[in-house]
Number of protein chains: 2
Amino acid sequence: MSHTLGIRQAQKQKTRQALLDAALRLLEEQSLSSLGLREVTRAVGVAPTAFYRHFRSTADLGVALVEEALGSLHPMIRTTVSANGDPDERIARAVELISGHVARHPAHVRFIARERHGGVQPVRQAIQDQLARFGEEVKHELAKDPVSTGWSDDDLLMLANLYVDQMLMTASLFLDALEGTEEERERVVQIATRRMRLISIGRHHWLD
Amino acid sequence: MSHTLGIRQAQKQKTRQALLDAALRLLEEQSLSSLGLREVTRAVGVAPTAFYRHFRSTADLGVALVEEALGSLHPMIRTTVSANGDPDERIARAVELISGHVARHPAHVRFIARERHGGVQPVRQAIQDQLARFGEEVKHELAKDPVSTGWSDDDLLMLANLYVDQMLMTASLFLDALEGTEEERERVVQIATRRMRLISIGRHHWLD
DNA sequence: CCATGCAGTTAACAACTGTTCTCCAGAATT
DNA sequence: AATTCTGGAGAACAGTTGTTAACTGCATGG
């Protein structure tokens with residue numbers, strides 16, 4: 001259904017993406033609240049004023065980056081949580097999946113971890129919203145599991161958000177270990193796996 | 001053993017503290033990587049050059065803030081974890097303690113949450129170091145508990161760090177709810193309590 | 001084919017930044 | 001009482017920032 005956009009809009013989206021990419025790279029070594037608009041345009045090679053054709057401000061660009069980083073992650077989350085197999089296998093697959101995602105998109109992960117509690121309110125809000133959506137989706141998947149029979153809605157949401165937070169912390173650990181040795185990364189796998197396992201155990205005995 | 005410092009050093013520490021206080025206030029609405037040295041001195045009412053008498057840079061000031069925010073917290077952590085009473089009572093007391101601390105020092109908590117993954121490497125490192133110390137201390141207290149018999153050192157540390165991370169996330173939740181209604185804060189208490197309880201359950205069945 | 005729209009440019013603005021150097025008042029030391 | 005030390009002030013620097021205005025070239029729709 002995508003009739004090819006004119007050569008005009010195509011160019012616009014191209015520079016827009018260039019701005020996003022340049023910003024993401026610059027944000028590896030600083031926070032969004034110190035990212036200058038001129039800094040971004042200089043990195044791309046366009047005039048400072050061109051920035052305004054795409055974003056109102058760097059905060060606005062930040063919100064767009066949140067969408068780029070988390071927007072496409074929802075299907076992945078769903079299938080991961082609802083995967084079948086015995087608990088330990090599911091945990092191993094989830095950890096592996098996080099590890100791979102961090103290795104493939106380190107800058108995105110760093111951006112989210114950094115700006116989740118960062119100094120720019122609209123961006124914080126956008127991240128919170130996306131994470132809340134993740135929470136709801138995970139809860140919806142957990143509800144299907146027979147283990148969840150007898151659970152209250154509040155308890156299910158609590159567990160779902162615990163999982164979401166755990167994913168983020170794990171991602172952050174993998175990020176720190178990215179430039180380290182293979183041993184370090186393996187250690188992160190061990191830690192993350194055991195944390196998930198402990199939570200899983202708590203889940204199975206919740207109603208005792 | 002504290003022979004009163006001369007009127008000279010006293011004044012110095014006074015302005016130093018004023019700089020730290022002003023910075024902490026400014027950091028409620030931005031990240032450290034965008035905090036300007038002139039901005040801080042202006043807020044205090046001293047010349048920009050006076051800043052250099054106390055800190056090499058704003059990053060240096062940030063490291064000092066980490067010490068101020070977390071340095072005095074170690075005894076509190078220890079006594080909290082090693083408290084006696086039945087599990088649910090201990091959890092309730094811990095949550096209450098976190099809630100009180102956040103209400104008393106919101107700016108400090110915000111600073112730590114923000115800069116833990118922030119854009120200033122030395123500050124990130126300082127926070128990581130302090131949190132690692134917390135982890136070791138919590139582990140040491142957990143080891144005393146009869147529930148921990150049979151646990152490997154690695155597993156104990158894993159659980160300890162899980163608790164530390166949980167404390168931080170809870171603190172962050174309380175922070176968000178600070179300016180909200182009493183109901184919101186009560187809701188955070190519920191969520192945090194149930195998370196801790198689930199972890200506690202997982203802990204008790206770890207060796208099954 | 002011509003007129004409109006619009007992504008990107010150029011130039012200029014006032015305001016701000018970190019840092020250096022020189023200086024001073026007054027506490028500390030002798 | 002004389003000297004040294006030092007926390008802070010003052011002025012100046014080159015460089016940066018966000019934002020405005022008027023422009024140009026070119027794809028687009030009539």
Side-chain angles (χ1 to χ4, degrees), chain A residues 2-27 29-65 115 118-123, chain B residues 2-27 29-65 115 118-123:
Chain A
S2 62
H3 91 350
T4 41
L5 359 314
I7 164 168
R8 184 136 210 178
Q9 302 217 16
Q11 255 305 328
K12 177 165 185 179
Q13 290 211 357
K14 207 171 171 182
T15 55
R16 185 190 134 102
Q17 191 58 45
L19 289 170
L20 288 170
D21 292 349
L24 199 61
R25 196 174 58 79
L26 290 166
L27 285 172
E29 294 164 343
Q30 61 183 311
S31 307
L32 183 64
S33 81
S34 68
L35 182 71
L37 140 182
R38 294 183 98 105
E39 201 178 348
V40 179
T41 57
R42 193 186 314 132
V44 173
V46 301
T49 49
F51 187 91
Y52 293 107
R53 300 289 182 193
H54 304 276
F55 309 102
R56 241 177 273 258
S57 62
T58 52
D60 198 23
L61 179 146
V63 172
L65 276 179
E115 301 304 330
V120 183
Q121 203 270 338
V123 174
Chain B
S2 63
H3 92 350
T4 41
L5 0 316
I7 165 170
R8 186 138 208 176
Q9 302 218 17
Q11 255 305 328
K12 180 167 186 180
Q13 290 213 357
K14 206 170 172 182
T15 55
R16 186 189 134 102
Q17 191 57 48
L19 288 170
L20 288 170
D21 292 349
L24 199 60
R25 196 173 59 80
L26 290 167
L27 285 171
E29 294 164 344
Q30 63 183 310
S31 306
L32 184 64
S33 82
S34 68
L35 182 69
L37 137 185
R38 295 183 97 107
E39 200 178 348
V40 179
T41 57
R42 192 188 313 131
V44 174
V46 299
T49 50
F51 186 91
Y52 292 106
R53 302 288 183 192
H54 303 276
F55 308 102
R56 243 178 272 255
S57 61
T58 51
D60 198 24
L61 178 146
V63 173
L65 276 180
E115 300 304 329
V120 183
Q121 202 269 337
V123 173

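Since we're looking at a predicted model, the values are computed, not measured. Residue numbers begin at 1 in each chain, while the letters A, B, ... track the order of the sequences.
What separates CZ of B:Phe51 from C1' of D:dG10 is a distance of 19 Å, to the nearest Å. Rounded to a whole Å, the CD atom of B:Gln11 is 11 Å from the P atom of D:dA9. D:dG18 atom P lies 17 Å from atom CZ of A:Arg56, rounded to whole Å. Spacing between atom CD of B:Gln13 and atom C1' of D:dG8 amounts to 17 Å, rounded to whole angstrom units. Between A:Leu37 atom CG and C:dG8 atom C1' the separation is 14 Å, expressed in whole Å. Following rounding to the nearest Å, A:Tyr52 (OH) and D:dA21 (P) show an atom-to-atom distance of 12 Å. Following rounding to the nearest Å, A:Glu39 (CD) and D:dT17 (C1') show an atom-to-atom distance of 10 Å. Between the CZ atom of A:Phe55 and the C1' atom of C:dG8 there is a distance of 15 Å, rounded to whole Å.
Going from atom CG of A:Leu26 over to atom CG of A:Asp21 covers 11.0 Å, rounded to the nearest 0.5 Å. Distance check: B:Leu32 CG to B:Ser57 OG gives 8.5 Å after rounding to the nearest 0.5 Å. Residue A:Phe55 holds its CZ atom at 7.5 Å from CG of A:Leu65, rounded to the nearest 0.5 Å. With rounding to the nearest 0.5 angstrom, the OG1 atom of B:Thr41 is 11.0 Å from the NE2 atom of B:His54.
A donor atom on one side chain and an acceptor atom on the other are found under 3.5 Å apart for A:Ser34 and B:Ser33.
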Write out a two-atom table: protein N or O, nucleotide N or O from nucleotides 26-30 of chain C, distance below 3.5 Å.
from   : atom 1 : to     : atom 2 : distance (Å)
C:dG26 : N2     : B:Arg8 : NH1    : 3.0
C:dG26 : N2     : B:Arg8 : NH2    : 3.2
C:dA27 : N3     : B:Arg8 : NH1    : 3.1
C:dA28 : OP1    : B:Ile7 : N      : 3.1
C:dA28 : OP1    : B:Arg8 : N      : 3.3

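Distances shorter than 4.0 Å separate none of the side-chain N or O atoms of A:Thr49 from OP1 or OP2 on D:dT19. Distances shown here put a side-chain N or O of A:Arg42 below 4.0 Å from the OP1 or OP2 atom of D:dT17.
Closest approach of B:Leu61 and B:Ala23 over heavy atoms only: CD2-CB, 3.5 Å. The minimum heavy-atom distance linking B:Ala43 with B:Arg25 is given by the pair CB-NH2, 4.3 Å.
Within 4.0 Å of A:Ser57, counting heavy atoms only, lies no atom of the nucleic acid at all. Using a 4.0 Å heavy-atom criterion, one finds that B:Ala50 contacts the sugar-phosphate atoms exclusively.
Taking the side chain of A:Arg53 as heavy atoms from C-beta on, and the options D:dG8, C:dA7, D:dT17, the nearest nucleotide is C:dA7. Checked against C:dG8, D:dT19, C:dT19, the side chain of B:Pro48 finds its nearest nucleotide in C:dT19. Listed nucleotides: D:dT17, D:dG8, C:dA11. Nearest to the side chain of A:Arg38: D:dT17.
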